[in-house]
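I have placed the structure first, in the form of structure tokens, so that the comments after it can refer back to it.
Below, all heavy atoms of this structure are taken into account, side chains as well, without hydrogens, waters or symmetry copies.
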Amino acid sequence: MASDNHELKALVEGLLYIAGEEGLSIIQLQSTLQDYTREDIEKILFEMQKDCSSPDRGVELACYASRWKLVSKENVFEYAKRLYEDIKAPTLSAAALETLAIIAYRQPVTRVEIEEIRGVSCEAMLKKLQLRGLIEAKERSSAVGNPLLYTVTDGFMDAFALDSLDQLPEIEKPREQQELFSSNLED
């Protein structure tokens, strides 16, 4: 049983690590680790919790709302803050922002329509934006060739802190359009 104990402890620790912030319930652990009883799993969790309470450990095993999770200890916070102060969030190039803006304001929009507006090929940029989870292409247009229709994702909404696309800033019209609009009003 001692070797089983070590194996179970390693499995639970690995699963909790993978689960991250979400953590796992006893029921999730039990349904995943079907070779072990609920009592075995609970015993291991309490052992791990005791092990982690040692001052030479940087993490602790916590249980919040019946979910077990590995969390960093309070004394790690100041150091973590320093670590992340120096890390810059990945930024988007001007071309990526331009492509993203076209999609956000004109969605659903095809690659060809985006390229007509930008005046350059954007296939690679669309793939990059999809990989970052900012845009998606779920549907196809009824136009010739049935091209993909691009829209922004919930990831885009989160990244730009938007509740809806109505919160996007108004687009200024080019001067020629403003002058044409003004001259038509005077007539």
Side-chain angles (χ1 to χ4, degrees), residues 14-25 27-29 31-32 59 62 64-72 76-187:
L15 291 170
L16 289 171
Y17 176 79
I18 291 169
E21 288 180 12
E22 224 174 277
L24 295 170
S25 68
I27 293 169
Q28 288 174 306
L29 285 166
S31 68
T32 304
V59 295
Y64 302 112
S66 300
R67 299 188 74 75
W68 291 85
K69 55 182 91 176
L70 291 169
V71 296
S72 62
V76 174
F77 177 75
E78 283 302 314
Y79 298 95
K81 211 164 86 174
R82 286 184 212 163
L83 173 67
Y84 288 105
E85 282 174 354
D86 294 338
I87 296 176
K88 303 237 186 300
T91 57
L92 294 172
S93 66
L97 285 172
E98 190 176 285
T99 304
L100 200 50
I102 292 167
I103 295 168
Y105 283 97
R106 300 253 178 145
Q107 70 176 8
V109 62
T110 66
R111 178 182 54 82
V112 171
E113 291 169 325
I114 297 166
E115 289 174 349
E116 285 174 0
I117 294 167
R118 289 198 61 228
V120 295
S121 175
C122 66
E123 193 167 341
M125 189 59 61
L126 291 171
K127 287 180 183 176
K128 286 179 185 178
L129 292 171
Q130 281 181 300
L131 286 172
R132 285 198 168 179
L134 298 172
I135 64 168
E136 63 188 357
K138 287 185 177 177
E139 298 177 18
R140 292 191 172 270
S141 168
S142 58
V144 175
N146 294 41
L148 290 168
L149 291 169
Y150 292 93
T151 59
V152 296
T153 63
D154 289 341
F156 167 87
M157 302 298 278
D158 289 344
F160 291 91
L162 299 172
D163 291 322
S164 77
L165 292 176
D166 296 334
Q167 292 178 308
L168 288 171
E170 291 290 321
I171 299 177
E172 273 190 45
K173 293 180 180 156
R175 266 190 200 190
E176 311 86 56
Q177 284 184 349
Q178 288 178 352
E179 290 170 4
L180 181 63
F181 183 72
S182 298
S183 66
N184 285 343
L185 287 177
E186 294 170 2
D187 292 341

Open item on the list: Less than 4.5 Å apart, side chain to side chain, heavy atoms only: is that true for Phe160 and Leu100?
Closed with: yes
Open item on the list: Counting only heavy atoms from other residues, nucleotides and ligands, does the tally under 6.0 Å from OH of Tyr17 exceed 12?
Closed with: no
Task: Tyr64 and Arg67, any side-chain heavy atoms less than 4.5 Å apart - done: no
Task: Residue pair Ser141 / Pro147, side-chain heavy-atom distance below 4.5 Å - done: yes
Open item on the list: Looking at every heavy atom in both Val152 and Gln107, which two are closest together, and how far apart are they?
Closed with: N-OE1, 2.7 Å
TODO: Give the C-alpha distance, both sets of side-chain angles, the deciding distance and a yes or no for side-chain contact (heavy atoms from CB on, under 4.5 Å) between Thr99 and Lys128.
DONE: CA-CA 11 Å; Thr99 304; Lys128 286 179 185 178; over 6 Å; no
Task: Nearest-0.5 Å distance, CD of residue Glu123 to CG of residue Leu126 - done: 7.5 Å
TODO: Could you tell me whether a side-chain N or O of Thr153 sits under 3.5 Å from a main-chain N or O of Gly133, the two making a donor and an acceptor?
DONE: yes
Open item on the list: As a quick check of understanding, evaluate side-chain contact (heavy atoms from CB on, under 4.5 Å) for Gln130 and Tyr150, giving each step before the final call.
Closed with: CA-CA 10 Å; Gln130 281 181 300; Tyr150 292 93; 4.0 Å; yes
TODO: Answer yes or no: does atom CG of Asp158 have more than 12 heavy-atom neighbours from other residues, nucleotides or ligands under 6.0 Å?
DONE: yes
Open item on the list: Quick check: do Val120 and Met125 have side-chain heavy atoms less than 4.5 Å from each other?
Closed with: no
Task: Residues, nucleotides or ligands: over 12 heavy atoms within 6.0 Å of Glu21 CD - done: no
Open item on the list: Could you measure the distance from the CG atom of Leu70 to the CG atom of Leu15? Nearest 0.5 Å is fine.
Closed with: 10.5 Å
Task: Minimum heavy-atom distance Glu115-Cys122, with the two atoms named - done: OE2-N, 3.0 Å
Open item on the list: Nearest 0.5 Å, please: how far is CD1 in Ile135 from CD1 in Ile102?
Closed with: 11.0 Å
TODO: To the nearest 0.5 Å, tell me how far Leu148 CG sits from Glu139 CD.
DONE: 10.5 Å
TODO: Would you check if Met157 and Asp163 make a side-chain contact, meaning some heavy-atom pair closer than 4.5 Å?
DONE: no
Task: Distance-minimising heavy-atom pair for Arg140 and Asn146 - done: NH1-O, 2.7 Å
TODO: Only counting residues at least two apart or in another chain, list the ones meeting salt bridge (Lys or Arg N to Asp or Glu O under 4.0 Å) with Glu113.
DONE: none
Open item on the list: Counting C-beta onward and ignoring hydrogens, is there a side-chain heavy-atom pair between Leu149 and Thr110 closer than 4.5 Å?
Closed with: yes
Open item on the list: Side chains of Leu165 and Phe156, heavy atoms from C-beta outward: is any pair under 4.5 Å?
Closed with: yes
Open item on the list: Which residues pass the salt bridge (Lys or Arg N to Asp or Glu O under 4.0 Å) test with Glu22, not counting sequence neighbours?
Closed with: none
Task: Leu92 to Arg132 - nearest heavy-atom pair and separation - done: CD2-NH1, 2.6 Å
Task: With sequence neighbours excluded, residues passing salt bridge (Lys or Arg N to Asp or Glu O under 4.0 Å) with Arg118 - done: Glu98
- [ ] Please lay out, stage by stage, how Val109 and Ile117 fare under the test side-chain contact (heavy atoms from CB on, under 4.5 Å).
- [x] CA-CA 11 Å; Val109 62; Ile117 294 167; 5.5 Å; no
Open item on the list: Would you compute the distance between atom OG of Ser121 and atom CD1 of Ile114 and round it to the nearest 0.5 angstrom?
Closed with: 10.5 Å
Task: Any Ile103 side-chain heavy atom under 4.5 Å of Leu134 side chain - done: no
